[in-house]
Amino acid sequence: MDTRRLILATLLSAAVLIGFDYFVPQAPKAPVTQQTTQSVSAPPSGAAQPSSTTSTQSAGDAASEANGPDAHLAIDAPAVQGSINLRGARLDDLVLKKYRETVKPDSPDVRVLADGTGSKPDFIDFGWRAPSDVSVRLPDSRTLWKADNTKLDATHPVTLSWDNGQGLTFEIALAVDQDFMFTVTQRVHNATGQALALYPYYRVNRGYTPETTGGMLVHEGPISVIDGRLNEGSYKALRNDGVPPDNVSWSHQGTGGWAGITDKYWLMAVLPDQSTQVVGAYTYLPAQHTYQVGFTSTAPVQVAAGQTASSEAHVFAGAKEVRLLDRYEHDLHVPMFWKAVDFGWLAFLTRPVFFVLDWLYTMIGNFGLALLTFTVIVKLLFLPLTIKQMRMTWKTARLKPKVDQIRARYKDDPMAMQQHIMGLYREEGVNLFGGFLPLFIQAPVFWCLYKDLYVTIEMRHAPFFGWIKDLSAPDPTNVFNLFGLIPFDPAQVLSILSLGAWPILYGATMFLMQKISSSSTNMDPAQQKVMAFIPLVFTFFMAHQPVGLVIYYAWSNLLTALQQFIILGRFKAADKNADAKTTVVSKR
């Protein structure tokens with residue numbers, strides 16, 4: 001392989017790994033428009049403020065409820081466990097049974113919802129708004145609900161109820177499936193003798209600013225899809241762009257959709273009835289240091305006198321499993337629910353690569369082996385291009401003596417030199433761009449694999465063999481403490497002092513591939529020094545990448561070196577045969 005092309009391939013891979021998301025513009029953040037907020041039927045405060053702003057309540061009743069003890073309804077489903085706080089009917093306690101915080105056996109389960117007594121409260125609430133000119137007592141965050149059962153599980157739904165003492169009875173029917181989806185049905189029984197119009201709302205609340213873990217590669221924070229359009233917000237934008245008096249930083253009116261707060265692997269989201277007209281909003285409440293993302297219906301629910309009316313929605317709180325999100329999207333007719341996983345702007349490639357890897361995993365049973373098998377498939381698919389590239393490289397190397405002669409002959413006439421060199425290449429059938437084409441075609445595949453390893457939960461804590469317990473994390477070993485023989489972590493002193501066994505193997509395979517490639521070219525001493533330095537640099541760079549990616553590249557380098565050895569051997573044999581025939585003919 002030509003030295004310049006090998007250097008270009010190496011640098012191109014680095015650019016793909018480091019800079020793609022940074023340089024590609026992100027989805028535009030929709031600005032806050034007062035027109036959108038003011039056009040809804042419900043009051044603007046309905047999108048952001050607590051429901052108590054539109055309710056009335058006697059001082060005695062309010063004090064009695066506020067001072068009473070909290071009560072909790074247990075949740076015990078196949079995939080989740082926790083409780084619902086009957087004070088305010090908040091879903092604020094939920095852990096995932098199938099996921100742990102670390103790979104250690106005694107690691108606690110991942111918690112996705114937590115009550116406000118901790119330092120990191122996450123909760124989901126729902127309720128009703130009343131028009132600004134209507135005075136009615138509505139349930140709020142201090143309302144104490146009654147449950148008709150002691151536990152919510154996948155086979156036993158629960159109904160919460162509360163009587164406002166003014167002829168209205170509110171109910172919340174809760175159900176949970178085998179995974180992470182809750183069904184919430186709010187009902188109002190009207191015995192007041194007068195018709196009433198109310199607006200249901202559903203919100204995700206986060207009472208702290210989290211430390212994001214995905215950097216530029218993964219979106220973390222507010223996210224929504226309304227009318228088939230994805231919007232990704234940031235915590236900073238919610239804090240700085242809020243428009244008084246409700247501090248709404250973004251809002252959009254449409255039909256159905258979903259909205260919530262996403263982390264790298266977890267999602268809390270609310271999904272209204274997909275035929276309902278709603279306004280979605282991102283809000284920040286400075287006094288409570290709380291981020292809110294949710295929906296309020298723009299069409300009121302009409303509760304006639306002596307009748308019952310209801311509103312149904314769904315709540316997702318759990319892991320962003322790709323196939324599970326796809327199933328919910330299909331079953332609940334939720335638009336673009338798969339975009340909760342940040343596959344990026346190349347999703348049309350990234351998702352298919354993921355599904356191939358996932359299918360290989362189901363067939364083999366080990367994600368590491370699936371990666372190795374995927375590498376073989378990629379190499380076979382690109383084999384014709386690889387052979388074409390290497391043939392062009394080989395021809396270019398064979399023509400180097402003639403090119404050097406032309407350079408020496410026309411050293412004082414650069415234009416003539418270039419014309420004669422290009423004429424020689426055309427005569428010999430050499431296409432300089434043909435050698436670069438495979439590099440540009442394969443780069444998106446490398447990127448898609450990197451993105452999948454980084455963002456999909458299916459590879460989180462996926463083991464390989466030996467010391468590799470999590471393919472999505474860097475190699476835990478370190479040569480600078482003799483792979484654990486010295487009880488000391490040098491990376492705590494200097495981050496660069498972290499170099500595991502697999503990155504070292506990767507560097508060795510890269511050096512081997514370079515040696516085989518350079519054997520077919522006449523490399524000058526300066527180029528040799530550059531090429532010898534590149535594997536060392538990339539070895540330290542890959543030490544901080546997911547070890548699954550390092551394993552992929554090490555195996556890919558090994559296969560590439562084998563390919564080059566075999567193909568170059570055939571080229572050399574073909575040239576020897578051609579030279580032998582030429583010699584025989586000349587002797588005759």
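Values below: all heavy atoms of this structure, side chains included; hydrogens, waters and symmetry mates excluded.
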Are a donor atom and an acceptor atom from the side chains of Gln292 and Asn205 found within less than 3.5 Å of each other? yes
More than 12 heavy atoms from other groups under 6.0 Å of NZ on Lys97: yes
For Phe123, is there any backbone N or O sitting under 3.5 Å from a side-chain donor or acceptor partner on Asp92? no
Crowding at CZ, Phe480 (>12 non-hydrogen neighbours, <6.0 Å): yes
Drop me the distance from Leu349's CG to Phe343's CZ, to the nearest 0.5 angstrom. 12.0 Å
Name the one of Thr362, Leu357, Val356 that satisfies side chain to side chain contact (heavy atoms under 4.5 Å, CB included) with Trp359? Thr362
Do any N or O atoms from the side chain of Trp555 and from the backbone of Leu372 form a donor-acceptor pair under 3.5 angstrom? yes
Is Arg100 salt-bridged to Asp106, going by a charged N under 4.0 Å from an acidic O? no
Can a donor-acceptor pair be found between the side chains of Thr509 and Tyr553 at a distance below 3.5 Å? no
Within the structure provided, determine whether Ile75 and Leu91 are in side-chain contact (heavy-atom separation under 4.5 Å). yes
What class does the angle between the rings of Phe538 and Phe541 fall in, given that below 30° is parallel, 30 to 60° is tilted and above 60° is perpendicular? perpendicular
Tyr361 and Phe367 aromatic ring geometry - parallel, tilted or perpendicular at 30°/60° bounds: parallel
Do Thr560 and Lys379 pair up side chain to side chain, a donor and an acceptor below 3.5 Å, judged on atom types alone? yes
NZ/NE/NH1/NH2 to OD/OE distance under 4.0 Å, Asp358 and Arg351: no
Give the ring-plane orientation class for Trp502 versus Trp467, where under 30° counts as parallel, over 60° as perpendicular and anything between as tilted. tilted
Would the distance check show the side chain of Thr350 and the main-chain N or O of Leu346 forming a donor-acceptor pair, the cut-off being under 3.5 Å? yes
Out of Val547, Val103, Ile468, which residue meets the side chain to side chain contact (heavy atoms under 4.5 Å, CB included) rule with Pro476? Ile468
Once the angle between the rings of Tyr99 and Phe180 is folded into 0 to 90°, is it parallel (under 30°), tilted (30 to 60°) or perpendicular (over 60°)? tilted
I'd like to know if Arg327 pairs up with Asp177 as an ion pair, taking the criterion as any Lys NZ or Arg NE/NH1/NH2 lying under 4.0 Å from an Asp or Glu carboxylate oxygen. no
Option from Arg206, Lys236, Arg239, His289 for which side chain to side chain donor-acceptor pair (under 3.5 Å) with Tyr284 holds: His289
